[in-house]
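Written below as structure tokens is the structure these notes are about.
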Amino acid sequence: MYVAVKGGEQAIENAHRLMAEERRGEPSVPELTVEQILQQMRLAVDRVMSEGALYDPWLAALAVKQARGDLVEATFLLRAYRTTLPRLYDSLPVDTTAMEVRRRISATFKDIPGGQVLGPTFDYTHRLLDFGLAAGFQPTPATAGKSETMGEGNGEPPLSRVMDLLAEEGLVDRPGCGGEGEEEDARPVGDITRDPPTYPAARDVRLQNLARGDEGFLLALGYSSQRGFGDNHPFAGEIRMGEVAVSICPDELGFEVEIGDITASECEMVTSFKGSKDELPRFTRGYGLSFGYNERKVLAMSLVDRSLQARELGEDIDAPSQDEEFVLSHSDNVEAQGFVQHLKLPHYVDFQADLVMIRSMRAEILKRAVSKTETEEAA
Amino acid sequence: MTAATQTPPAVEAGYNYGYLNEQTKRMIRRAILKAVAIPGYQVPFAGREMPMPYGWGTGGIQLSASILGPEDVFKVIDQGADDTTNAVSIRKFFAKVTGVKTTERTGDATVIQTRHRIPETPLKDGQIMVYQVPIPEPLRWVEPRETETRTMHALEEYGVMHVQLYEDIARHGRIATNFMYPVKVNGRYIMSPSPIPKFDNPKLDNSPALHIFGAGREKRIYAIPPHTEVRSLDFEDYPFEVETWDGCCALCGATDSYLDEVILNDAGERMFVCSDTDYCATRRGQGHTGPMADREDISELTGDKPETQDKNA
Amino acid sequence: MTTLPHPMIRVRGITKKYGEMIGCRDISFDLWPGEVMGIVGESGSGKSTLLGCLSGRLEPTTGSVGYASREFGDIDVHGCAEPVRRKLLRTELGVVHQNPRDGLRLGVTAGANLGERLMSVGARHYGDIRAEALKWLAEVEIEAGRIDHFPKTFSGGMQQRLQIACNLITQPRIVFMDEPTGGLDVSVQARLLDLLRNLVSRLGLSVIIVTHDLAVARLLAHRLMVMQRGQVVETGLTDQVLDDPQHPYTQLLVSSILQA
């Protein structure tokens, strides 16, 4: 029966109520608290902060609860909330060299100054479902004695970056210096939240876009670049995770003030070299940075960042991961999910227009066929 | 619950008028002015995330949010109807963040936000139509690259657009585009009128109202100022034609409105009714009836309470 | 407009450098209406670079190309506004690429390819556009029934003939051709050359044709320019240059044609 749209307001209200009921689930089961999500589902929270482009773990945890664990929906909630916030200052660039490092590895050298720290990683775990976890679990404390963080936070000298060591030898360009030399550094930084996208896009704008990009999308593109759809011989130069300070320098004060710290993940990829017999060859680099502990994201991001440098490096552009417009237009899952899901909205007016035309065309063809048969029979 | 005009409660505390902050509204208004100054040209703007998803009208919503004021009367339609779920949702949103008066009567509205239709009731001087646009670029299907389409618009290189129409005629014997039918505005820019059926295109030509188009996800605003020439693309020997139906509206008898097809039962019985619910209701209020107006098994359509149906079930 | 004879193209001091590498250097000549000029030389001699500069698609480092336009009067091909140049390339100037796929839209039918040129300058009558397209398919000896087929389904020779037709449909005054018979097998080449010779003389076209194949040059060109390492080493009437080459490089080129 035709009741598709009448009483829409009532239907919407009922749908909201039903959803709230299902979100709560079985009433006899204790309700999940935002704090529990914040503590025990931290990686979900971190992903939502990264793609929601807002650093507030508690809000992100609330979004995860409200979205019933749907992280794309939670990202949307956080991003919509972000729109309502006034912008007070631009912070100074975060100094990841001064990071209080909880995890730091490099695949390019056996040993690096400051050492490697595995940190709290899934790597090297055996992916066997642990039923003990279902029964409740008290973790045994990690080996005492060694401090769990390294670097400046511990009063030690800041951990030098592997990439800087390579740069010192001239084996890799310093960031911000491409073929154009120093001029790159002087231009004002773009802002994707203020300016509409234009192409070609400069690297700062590309990286901003990738930083909030959907992890799955970047993962697939990075993967494709490793499998031959693009030129990449990547090595993980350095992967870091830990806390960094955020500082502002308000005009009213004239000096820097640290306003807090955030957890961040960073990846620097060393990628295929450029140069020739006459031009000093050096490695190129890809970069990934994210709020929270999002290692897979920053690894993928660095691969895609490198792929997108194809234009500046004069490489042939024939792989999807190198196609700037393709990558940057489709990386935002808030945009993507909106448009894909909008197909659920009524489209019957336009469908009707096509129906009318197709029926009329079919009638014409059939009429022609009938009259053709009649003519042949008469002959 | 379908009173013609309602005055909802005051603006919900905590929100700026219209939800967007004043700077954002100013930025959007500037974009609208640019768009009006260059009819049919797509003006890029730095769209904001809204509490609705992209694809669900954020462009239109940002336009309405920037232009609505306390004196306005606001109508929202989707597929021509005021009570489709998304129209309801958008109307409620604006009631919450502006306290503006809302209406279902086209004639009473100062601002009409729409998805996929232009109302049948002729628009008047002083009214503003706000369109929700998914893909603002009419050349997108012949040329996926933004860099190329920008150049084509700048240099008025629209040959490829007609190539598409030529191919339609060569293959199907007619132009096979039925909605989102491209138009040339003020003799200069080719524009997508949003996914309205081609039936509605003629309403844009020399209209007394202002028509503004918002694409939130693609971040473009464009406009047709009042009394602007708008011509649907065609060939001299294959001129632009609109849809026609064999019958009339089953409820009000109208022969000049766009009809929705409704499948009534498993036996495949069909009924055609005006897509514009206000137009249909107004005609019925004036005493016009159509051939199925007294059918009791479709009483929902005529606005009676569901109990009436249960009684007959 | 003056009725005195007037060169169609006036080339002065065209030089194109790629960084330190010379593409072509200091080329000057005039081309008159109805003339066919051949530019010959081995690969790397700079002929394609020169052609790019002459046809307005490649910006020279120095020098100028003057063209007597039907619509715009005397213009400087590289000095004029972008929309003017782009329009000329769709109307008065034809460009036939060595690879026909560079000059065609593979995803639309042959008829649409031909029609696009007309539609881009305002043709709006489907029947007339179609009739014109059929006429030109006949001129290049493509069967009329293929008007609704996609160029992907055409053989190489047929694609090339379609590309030529697309260029001629807007009645250009001058056509630039880059190795139009390259990549085609010998019998197909012969047929195409015959067609070209016929069309050029019937339509009174001016042509600048780049080729490494001296037989093609002899068949089509009135005059020749011989290029080596970016410079013109010899010019003159085709038969003179080929039968009595003066420059050692020309002599080398001519002598290296295999005798049939």
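Atom set for the values below is all heavy atoms of this structure, side chains included, hydrogens, waters and symmetry mates excluded. Here is how names work: the chains are called A, B, and so on, in the same order as the sequence lines, proteins then strands, and each is numbered from 1.
For the residue pair C/Ser120/B/Glu157, the side-chain donor-acceptor check at 3.5 Å is not satisfied.
Counting heavy-atom pairs closer than 4.5 Å to chain B, the top-ranked of the candidates C/Gly115, C/Gly111, C/Gly127, C/Pro83 is C/Gly111. No other option in B/Gln164, B/Glu236, B/Glu156 has as many heavy-atom pairs under 4.5 Å with chain C as B/Glu236.
Taken from NE2 in B/His162 to CD1 in C/Ile129, the straight-line distance is 8.5 Å, to the nearest 0.5 Å. Between atom CD of residue C/Glu116 and atom CD of residue B/Glu167 there is a gap of 10.0 Å, rounded to the nearest 0.5 Å. To the nearest 0.5 angstrom, C/Arg124 atom CZ is 9.0 Å from B/Leu165 atom CG. Residue C/Arg130 holds its CZ atom at 4.0 Å from OH of B/Tyr166, rounded to the nearest 0.5 Å.
Heavy atoms of other residues, nucleotides or ligands lying less than 6.0 angstrom from CZ of B/Arg171 number 12 at most. Under a cut-off of 6.0 angstrom, the local environment of CZ in C/Arg146 is crowded, with over 12 non-hydrogen atoms contributed by other residues, nucleotides or ligands. Crowding of C/Glu141 atom CD: a count of heavy atoms from other residues, nucleotides or ligands under 6.0 Å exceeding 12. Within a 6.0 Å sphere centred on CD of C/Glu82, heavy atoms belonging to other residues, nucleotides or ligands number more than 12. In this structure, C/Arg86 places its CZ atom where more than 12 heavy-atom neighbours from other residues, nucleotides or ligands lie under 6.0 Å away. More than 12 heavy atoms of other shown residues, nucleotides or ligands fall within 6.0 angstrom of atom NZ in B/Lys184. Within 6.0 Å of CZ in C/Arg101 there are 12 or fewer heavy atoms belonging to other residues, nucleotides or ligands.
Residue contact with chain B, scored on non-hydrogen atoms closer than 4.5 Å, involves the side chain of C/Arg90 exclusively. Using a 4.5 Å cut-off between heavy atoms, B/Leu155 contacts chain C through its side chain alone, with no backbone atom that close. Looking at B/Tyr158, neither its backbone nor its side chain comes within 4.5 Å of chain C, counting heavy atoms on both sides.
Using a 30° and 60° split on the angle between ring planes, C/Tyr126 and B/Phe235 fall in the perpendicular class, above 60°.
Judged purely by atom type and a 3.5 angstrom limit, B/Asp237 has no side-chain atom pairing as donor or acceptor with the backbone of C/His125.
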